[in-house]
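Before any comments, here is the structure.
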Amino acid sequence: MLTGPALARFQKSLLAWFRESQRDLPWRRTRDPYRVWLSEIMLQQTRVAAVIPYYERFLERFPTVKELAEAPEDEVLRLWSGLGYYSRARNLQNAARQIVERHGGEFPRAPGQALALPGIGAYTAAAILSIAYQAKMAVLDGNVARVLARLGAVRGDLRANGRWLELQKTADTLLDEEAPGDWNEAMMELGATLCTPRSPQCLICPLTGFCEARKKGLTEEIPAKRVKRERVEIALAALVLVDARGKTLLLPPPQKREQAGAGEAADVPTLVSRMWHFPTIPVRREAAKVELRKFAQTSIFRGGKCGSEWQALKPVRHAVTFRAITIYPFLARAAGLPRIAGTKILPLEEVSELAISSLTRKVARAAEKAI
DNA sequence: AAATCGGGGGC
DNA sequence: GCCCCAGATTT
């Protein structure tokens, strides 16, 4: 690929463009390793616009690694609620605790130690260490892979076989060792703003003269589309119990099931992201109410009074990776809520303040509208 | 190497 | 509706 003077021109072109055109993002106003780290975790598979409000709120509550390490997990998940990929938050806090215990509260500078932390893989280690500590490590993420694939006219699935490894080698050779952090951000910024998946803006791209895909007219064909798993439709029924004071009942974050049906598509703990949730079961669509009633009678009320009037609410749609879920919520008014250890009883409007997934937020909203 | 984990903005 | 995103972990 590029070497010598051509590489120098290439690097200069991109860095000049980046220093001129980069977006003003909250995490670019600091090199505090903790903030860089937090931003990189939140940005995994998540768009910038979605992250910004979460980033600000999270730092207000947890300004330092120490405060993050000492917080209850539920509080961390509460601030992550709605952002998705919740194991990121669980790993983040576990890593924070390790950093406090083993690294004196400072994000480790050694790549091996960084990679050993939960939630830190090759990309995130390179990103944090280059941006915060100017380590000479090249990042390879979806943006960079697309930029490199177009530059070199690389056909086929970028994540297949050894292709990702080849792309990493390419990224390594292109890295500007004088400014590794800026360089990495510049490559990603180009992919995020100009060298986009569809309709790349080649006319204003600083690298257009270096781009093989551009020369061959392949910018729309590269990179190849990812093959996705076929979508599976799932039906759930959820019970929104409300007492005379407008209070409702939620179940605590369920643990992963060990063996039985771990591979089943309709595994409730997975579908509610192991967060607080309304009593929920998989159902056959046509029998949602009957099956939910039976479940409520045996598992929630344990033979007690189940509430007479059940109101079917507007079905809620939700997606969890390859699963397309329809939740059939039922509003059940009861004189009193059953007391069950571990459950939470609170006003319906306050459900959104808990550590819940978007699925539960949608169900709560549907119920609020009906009241 | 393949499967899995959320959610939303843009088209 | 579909696509894909500043990927990591588990098996």
Side-chain angles (χ1 to χ4, degrees), chain A residues 22-23 25-28 36-55 77 80-92 94-95 114-128 130-131 137-147 157-165 167-168 171 181 183-193 195-200 220 223-232 256 262-265 267 269-275 317-325 356-362:
Chain A
Q22 64 170 303
R23 294 167 292 176
L25 303 174
W27 43 89
R28 287 185 175 160
V36 173
W37 169 35
L38 176 65
S39 72
E40 289 301 338
I41 300 299
M42 286 188 164
L43 286 162
Q44 287 170 4
Q45 300 297 103
T46 310
R47 294 180 185 279
V48 165
V51 167
I52 290 175
Y54 281 87
Y55 175 82
L77 289 173
W80 208 273
S81 170
L83 196 56
Y85 283 124
Y86 299 100
S87 46
R88 290 185 298 178
R90 299 183 178 103
N91 287 334
L92 180 75
N94 287 334
L115 284 165
L117 295 169
I120 309 282
Y123 163 80
T124 308
I128 298 170
S130 67
I131 294 170
M137 300 169 71
V139 299
L140 180 62
D141 73 333
N143 281 316
V144 176
R146 182 173 57 256
V147 170
D157 181 4
L158 302 186
R159 289 175 162 76
N161 298 327
R163 199 160 283 133
W164 197 261
L165 229 61
L167 290 169
Q168 180 69 60
W183 176 258
N184 283 330
E185 288 206 85
M187 288 288 283
M188 294 189 279
E189 186 79 348
L190 188 74
T193 62
C195 198
T196 49
R198 279 161 306 190
S199 313
E220 293 289 346
K225 274 188 273 185
R226 255 208 277 189
V227 280
K228 280 172 59 177
R229 172 165 180 180
E230 192 180 353
R231 203 177 56 193
V232 176
K256 258 185 295 196
E264 267 180 50
D267 180 54
T270 298
L271 298 180
V272 300
S273 305
R274 294 162 56 207
M275 304 279 263
R317 290 285 287 176
H318 184 72
V320 181
T321 63
F322 62 91
R323 301 177 182 88
I325 311 164
I356 59 174
S357 76
S358 289
L359 184 158
T360 298
R361 201 182 309 282
K362 291 174 190 173

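Residue numbers begin at 1 in each chain, while the letters A, B, ... track the order of the sequences.
The CH2 atom of A/Trp164 sits 15 Å away from the C1' atom of B/dA1 (whole-angstrom rounding). In this structure, the CD1 atom of A/Ile41 is 14 Å from the C1' atom of B/dC5, given to the nearest Å. Across the protein-nucleic acid pair, A/Asp157 atom CG and B/dA1 atom C1' stand 12 Å apart, rounded to whole Å. Taking atom CD1 of residue A/Ile356 and atom P of nucleotide B/dG7, one finds them 10 Å apart after rounding to whole Å. Rounded to whole Å, the distance from CZ on A/Arg274 to P on B/dC5 is 11 Å. The CD1 atom of A/Ile325 sits 14 Å away from the P atom of B/dT4 (whole-angstrom rounding). Rounding to whole angstrom units, CG of residue A/Leu77 and P of B/dG6 are separated by 11 Å. Following rounding to the nearest Å, A/Arg163 (CZ) and B/dA1 (C1') show an atom-to-atom distance of 15 Å.
Spacing between C/dC3 and B/dG6 at atom C1', rounded to whole Å, works out to 15 Å. With both ends at atom C1', the span from B/dC5 to C/dC4 equals 15 Å, rounded to whole Å. Comparing C/dA8 with B/dG9, their C1' atoms sit 23 Å apart, to the nearest whole Å. Annotation: B/dC11 and C/dA6 have their P atoms spaced 14 Å apart (nearest Å).
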>> side-chain contact (heavy atoms from CB on, under 4.5 Å) for A/Tyr86 and A/Arg274? Distances and angles first, verdict last.
In response: CA-CA 8 Å; A/Tyr86 299 100; A/Arg274 294 162 56 207; over 6 Å; no

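Between the side chains of A/Arg323 and A/Thr270, no donor-acceptor pair of N or O atoms lies under 3.5 Å. Defined by atom type and a distance below 3.5 Å, a donor-acceptor pair is present between the side-chain atoms of A/Ser81 and A/Arg361.
Within the 4.5 Å cutoff, the side chain of A/Val51 has no heavy atoms near those of the A/Leu25 side chain. A/Thr124 is listed as a side-chain neighbour of A/Ile41, based on a closest heavy-atom distance under 4.5 Å.
Where A/Gly82 and A/Ala160 each meet DNA chain B at their nearest nucleotide, the meeting point lying more 5' is that of A/Ala160. In this structure, A/Ser81 and A/Arg229 both approach DNA chain B, and ranking their closest nucleotides by distance from the 5' end singles out A/Arg229.
Phosphate contact (OP1/OP2 of C/dC2, side-chain N/O of A/Arg231, threshold under 4.0 Å): present. Note on A/Ser273: a side-chain N or O is less than 4.0 Å away from OP1 or OP2 of B/dG6. Under 4.0 angstrom from either OP1 or OP2 of B/dG7 there lies at least one side-chain N or O belonging to A/His318.
To the nearest 0.5 angstrom, A/Arg23 atom CZ is 4.0 Å from A/Glu189 atom CD. Here CH2 of A/Trp27 is found 9.0 Å from CD of A/Glu40. Values are rounded to the nearest 0.5 Å. In this structure, the separation between CG on A/Leu140 and CE on A/Met187 is 9.0 Å, given to the nearest 0.5 Å.
The residue A/Thr321 sits close to a base: some heavy atom pair falls under 4.0 Å.
In this structure A/Glu185 satisfies the side chain to side chain contact (heavy atoms under 4.5 Å, CB included) test together with A/Phe18, A/Arg28, A/Ile131, sequence neighbours excluded.
For the residue pair A/Leu158 and A/Ala145, the shortest heavy atom distance occurs at CD1-O, 3.6 Å.
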> Just the dot-bracket of DNA chain B, please: which string comes out with Watson-Crick or G-U pairs under 3.5 Å, [ ] for crossing, | for another strand?
Replying inline: |||||.|||||

> Using a cut-off of 4.0 Å between protein heavy atoms and nucleotide atoms, how would you tag nucleotides 3-11 of chain C 5' to 3' with B, S and -?
Replying inline: -BBBBSS--

